[in-house]
Amino acid sequence: MSTLTHIPVCTGSAAYEVVVGDGLLATTGERVAGVSDARRCALVTDVNVSALFGEAVSDSLRVAGFEVIGITVPTGERSKSWDSAGDVLEHLAQAGLDRTDLVVALGGGVVGDLAGFCAATYLRGVDYVQLPTTLLAQVDSSVGGKTGVDLTAGKNLAGSFKQPLLVLADIDVLASLPALEWQSGLAEVAKAAMLSGPGQVEWMTQNADALAARQPDAVREAVITAIEHKVDVVSADEREAGLRESLNYGHTLGHAIERVAGYGVVAHGVAVAEGMRFAALLASRLLDAPDATGEVQDAMLDALGIGRPAYPGDIDGLMTAMHSDKKARSGTVRFALVPEPGAYVARPVADDLLERELRAWIDTPDERG
Ligand SMILES: NC(=O)c1ccc[n+]([C@@H]2O[C@H](COP(=O)([O-])OP(=O)(O)OC[C@H]3O[C@@H](n4cnc5c(N)ncnc54)[C@H](O)[C@@H]3O)[C@@H](O)[C@H]2O)c1
């Protein structure tokens with residue numbers, strides 16, 4: 001096993017560590033025992049991840065003395081639902097878990113958000129540990145304590161802030177990720193680079209080939225840098241009163257594209273990258289941002305091989321979707337803008353201006369890069 005990196009997280013409500021490195025999953029039991037006195041733990045995972053890593057993790061937990069209750073949900077976003085949370089909670093209750101016991105989330109962002117939400121609500125809150133197995137979950141969703149499920153009216157509409165006790169980001173597990181999931185994670189790493197500064201954007205652009213080939217040293221460095229950025233943000237603003245909104249960079253239009261196209265039609269990473277490209281245009285219009293900002297961002301996204309989506313073509317639908325995003329305030333859509341790498345401004349954008357820019361953006365693809 002190579003060197004491990006321990007990243008401390010200290011928010012208003014909790015202090016814990018994110019550990020990044022190789023071979024971590026096999027050491028889950030001893031590491032969890034180091035932070036918890038629980039006797040039992042519910043290991044929540046999805047069908048795919050269970051087949052890949054379920055046995056290794058439950059063996060490790062058992063060897064460390066835990067009684068393990070396995071809970072496996074179907075794969076995909078549909079498991080991040082109210083019904084699915086109900087099933088998991090019923091399972092926890094039937095297994096007789098008490099307040100001193102623990103929930104362990106093994107999987108991508110779906111499992112992490114679902115299991116975290118169940119941990120936040122079961123018996124008014126029990127501890128949980130995150131074992132993120134997608135790039136997106138490692139660099140984004142497992143850190144910062146946002147948990148929740150989707151409602152019929154929209155994504156992530158029911159949830160809670162609940163910080164984990166520990167996060168173990170095992171780089172080895174990323175080798176089996178499907179290409180589209182890899183790209184979705186890379187888009188989040190690219191977002192973090194834009195918010196971090198020019199050095200990170202340059203590094204990403206120069207190491208794009210190594211990242212595409214999942215070269216372990218490059219992947220480790222990218223994961224660590226993106227996590228450190230997220231940790232800085234959530235430590236300063238645990239409950240999204242300000243700076244944390246910056247993490248929405250690229251997601252206002254990105255989520256709308258995913259929703260209007262129908263989930264799964266446009267890959268999350270492609271949608272977010274497109275949202276970042278459009279946000280760069282808004283930054284030049286509204287903040288007089290230099291052209292170089294959009295250019296370096298395009299160069300990074302292109303080098304990473306993140307393409308452009310076919311637009312759903314329904315501008316009214318995109319506008320409605322941006323309005324229903326829970327981050328819209330008082331009826332105005334808000335954008336996280338990056339006038340220069342490392343700088344961040346939140347801006348409400350009036351509907352007439354937004355619609356005009358969006359229409360021009362969609363109708364003149366050549367000007368989009
Ligand atoms: N809580 C937060 O702060 C936050 C932040 C960003 C995103 N999210 C949420 O995260 C979710 C998306 O997460 P995701 O992209 O990880 O999706 P996911 O959890 O659905 O995982 C994607 C797919 O990869 C499979 N998989 C997972 N690990 C694997 C591995 N190592 N090898 C092979 N296959 C593997 C899964 O079974 C699934 O089919 C969304 O619901 C989103 O809202 C939450």
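Indexing begins at 1, ligand by ligand and atom by atom, following the structure's order.
For the pair V173 and ligand 1, the shortest N or O to N or O distance falls below 3.5 Å.
Using modelled atom types, one finds a donor on one side chain and an acceptor on the other under 3.5 Å when comparing D351 with H323. Between the side chains of N156 and K146, no donor N or O sits under 3.5 Å from an acceptor N or O.
Placement of V47 and V49 in two distinct hydrophobic clusters is found when ILVMFWY residues are connected by side-chain heavy-atom separations under 4.5 Å, directly or transitively. Hydrophobic clustering keeps V110 apart from L174 (ILVMFWY residues linked when any side-chain heavy atoms are closer than 4.5 Å, directly or through intermediates). Taken together through direct or relayed side-chain contacts under 4.5 Å among Ile, Leu, Val, Met, Phe, Trp and Tyr, L211 and L195 form part of one hydrophobic cluster.
The proximity of P132 to ligand 1, defined as any non-hydrogen pair under 4.0 Å, does not occur for either the backbone or the side chain. When non-hydrogen atoms are compared, ligand 1 lies under 4.0 Å from neither the backbone nor the side chain of T147. The proximity of E77 to ligand 1, defined as any non-hydrogen pair under 4.0 Å, is limited to the side chain. Residue contacts with ligand 1, taken as heavy atom pairs separated by less than 4.0 Å, involve E181 solely via side-chain atoms from C-beta onward. Counting heavy atoms closer than 4.0 Å to ligand 1, residue V47 contributes nothing at all. When non-hydrogen atoms are compared, ligand 1 lies under 4.0 Å from the side chain of N156 (C-beta onward) but not from its backbone. Proximity of T133 to ligand 1, defined as any heavy-atom pair under 4.0 Å, is shared by backbone and side chain alike. Under 4.0 Å from ligand 1, heavy atoms of V110 appear from its side chain as well as its backbone.
Using a cut-off of 4.0 Å between Lys/Arg side-chain N and Asp/Glu carboxylate O, D113 and K155 are scored as not salt-bridged. R40 has a carboxylate O that lies under 4.0 Å from a charged side-chain N of D98, or vice versa, which qualifies the two as a salt bridge. Using a 4.0 Å cut-off between charged side-chain N and carboxylate O, R39 and D101 make no salt bridge. Contact check on R78 versus D150 returns no salt bridge, with no Lys/Arg side-chain nitrogen under 4.0 Å from an Asp/Glu carboxylate oxygen. R62 and E67 are not joined by a salt bridge, as no carboxylate oxygen comes within less than 4.0 angstrom of a charged side-chain nitrogen.
For the side chain to side chain contact (heavy atoms under 4.5 Å, CB included) with V57, the qualifying choice from L52, V68, L106 is L106, the only one to do so.
Annotation: atom 21 (O) of ligand 1 to nearest protein heavy atom, T134 CG2, 3.7 Å. The closest protein non-hydrogen atom to atom 9 (C) of ligand 1 is D113 OD2, 3.4 Å. For atom 25 (C) of ligand 1, the closest heavy atom belonging to the protein is N48 ND2, 4.0 Å. Distance from atom 42 (C) of ligand 1 to its nearest protein heavy atom, with residue and atom name: K155 NZ, 3.6 Å. Closest to atom 7 (C) of ligand 1, if we only count protein heavy atoms, is L136 CD2, 3.7 Å. Protein heavy atom closest to atom 35 (C) of ligand 1, with residue, atom name and distance, is L177 CD2, 3.7 Å.
Here the side chains of V234 and R244 are in contact, with some heavy-atom distance below 4.5 Å.
For E55, the CD atom is loosely surrounded, since the number of other residues' heavy atoms within 6.0 Å does not exceed 12. By the 6.0 Å contact criterion, CG on D37 is open, its count of non-hydrogen atoms from other residues, nucleotides or ligands being 12 or less.
With S79, G109, S184 as candidates, the residue nearest to atom 13 (O) of ligand 1 on a non-hydrogen basis is G109. Between A137, S141, G185, it is S141 that holds the heavy atom closest to atom 5 (C) of ligand 1.
Close contacts of ligand 1 with K80, meaning ligand atoms under 4.0 Å from a residue heavy atom, involve 9 (C), 40 (C), 41 (O), 42 (C), 43 (O). Distances below 4.0 Å separate heavy atoms of D140 from the following atoms of ligand 1: 5 (C), 6 (C). Atoms of ligand 1 lying under 4.0 Å from at least one heavy atom of D46, given by number and element, are 36 (C), 37 (O). Of all the atoms in ligand 1, the ones that sit under 4.0 Å from a non-hydrogen atom of T75 are 37 (O), 38 (C), 39 (O). Those atoms of ligand 1 that come under 4.0 Å of a heavy atom in V49, given as number and element, are 26 (N), 27 (C), 28 (N), 37 (O). The S176 neighbourhood of ligand 1 comprises atoms 30 (C), 31 (N), 32 (N), 33 (C), with distances under 4.0 Å to a heavy atom of that residue.
Assignment of K230 to the shell around ligand 1 is supported, since a heavy atom sits closer than 4.0 Å. Residue contacts with ligand 1: P178 is included, with a non-hydrogen atom under 4.0 Å away.
At distances below 3.5 Å, at least one donor-acceptor pair connects side-chain atoms of S142 with backbone N or O atoms of A137.
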